[in-house]
Structure formats: structure tokens, C-alpha cells
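Before any comments, here is the structure.
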Amino acid sequence: DLDDTYYEGEFKFSIKHGIGTFKWSDGTIYKGHFINNEMTGFGIIQYGDGKLYQGSLLNGAMDGYGEFYWKEEKRFYGFYKNDKRNSFKI
């Protein structure tokens, strides 16, 4: 439900651009960089189900070095390309 989402942060010409926080209705929260309305650059995503990602994003997808943590203490450190693990250490 879009009524339960919000953005707080920097804008450029009425679009998200700079540092900001976006919250979705499922409780997922993103804190980090936006470029031209897209999550791009370094950011932290705390998912509503307890998982966490911190690292590089490109156009809203995990891309570059990142760290992903599951609630069960399992974790992934490594590189992503378009939301998929590219090389890794667990």
C-alpha cells in the first residue's frame, strides 16, 4: 500500500537525490544515497522480516561490494551484480 510509504531526505528538482530514508509499508527501511530517484551508491536496507543489507547499490539493485545478514546469524560478504551474488565468502 503506497499510503504507508514515505521518504525523508534531499531532493533535486522534485526527485529523490542525495541522502535520504525511504520506508515501505512492510516495514522495510532504506537509508542511503539516491541518484535521480534511484537507490544508488552506499546504503543500508533493513528488511521488514529482519534481514539486513549494507553496501553498494545501483538503480535499486545490490551491485558491488555488500554484506547481507539473515536473522539466523548466517551472513554473506562479497560482490553482487544486479541483485545476484557474484563472488563471495560466507
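Position 1 is the first residue of the sequence, and the numbers go up from there. All of these numbers come straight from a predicted model, not from anything done at the bench.
- For the atom pair CE (Met62) and CG (Asn82), the distance works out to 9.5 Å, reported to the nearest 0.5 Å.
- The aromatic rings of Phe68 and Tyr47 are tilted relative to each other, their planes meeting at an angle between 30° and 60°.
- Remark: Arg85 qualifies as a cation-pi partner of Phe76 under the 6.0 Å distance and 45° angle criteria applied to the six-membered ring.
- The CE atom of Met39 sits 11.0 Å away from the CG atom of Leu58 when rounded to the nearest 0.5 Å.
- Remark: Tyr77 OH to Gln54 CD distance equals 8.5 Å, nearest 0.5 Å.
- Every residue was checked against the side chain to side chain contact (heavy atoms under 4.5 Å, CB included) condition with Ser56, not counting sequence neighbours, and none meets it.
- With Phe34 as reference, Tyr7 is the one residue of Phe22, Tyr7, Phe11 to meet the ring pair (Phe, Tyr, Trp, His ring centres under 6.0 Å) rule.
- For Thr28 (side chain) and Gly48 (main-chain N/O), a donor-acceptor pair under 3.5 Å exists by modelled atom type.
- To the nearest 0.5 Å, atoms CD (Gln46) and NZ (Lys23) are separated by 11.5 Å.
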Check: Hey, mind stepping through Asn36 and Ile15 against side chain to side chain contact (heavy atoms under 4.5 Å, CB included) and telling me if it holds?
Finding: CA-CA 6 Å; Asn36 295 325; Ile15 61 171; 3.8 Å; yes
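- Distance check: Ile19 CD1 to Glu10 CD gives 6.0 Å after rounding to the nearest 0.5 Å.
- In this structure, CG in Asn37 is found 10.5 Å from NE2 in His17, a value given to the nearest 0.5 Å.
- Under a hydrophobic clustering in which Ile, Leu, Val, Met, Phe, Trp and Tyr are joined whenever their side-chain heavy atoms come within less than 4.5 Å, directly or via other members, Phe42 and Ile35 fall into different clusters.
- Heavy atoms only, all atoms of each residue included: Leu57 and Tyr30 are closest at CD1-CE1, 3.7 Å.
- Of all the heavy atoms in Lys81 and Asn86, the pair that sits closest is CB-ND2, 4.1 Å.
- What you find for Lys31 and Thr21 is that their closest heavy atoms are CG-OG1, 3.6 Å.
- Remark: the Glu8 side chain and the Tyr6 side chain contain no N/O donor-acceptor pair separated by less than 3.5 Å.
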Next item on the list: Might you work through the side chain to side chain contact (heavy atoms under 4.5 Å, CB included) test for Tyr65 and Glu67, ending with a clear yes or no?
Entry: CA-CA 7 Å; Tyr65 182 80; Glu67 301 172 4; 3.4 Å; yes
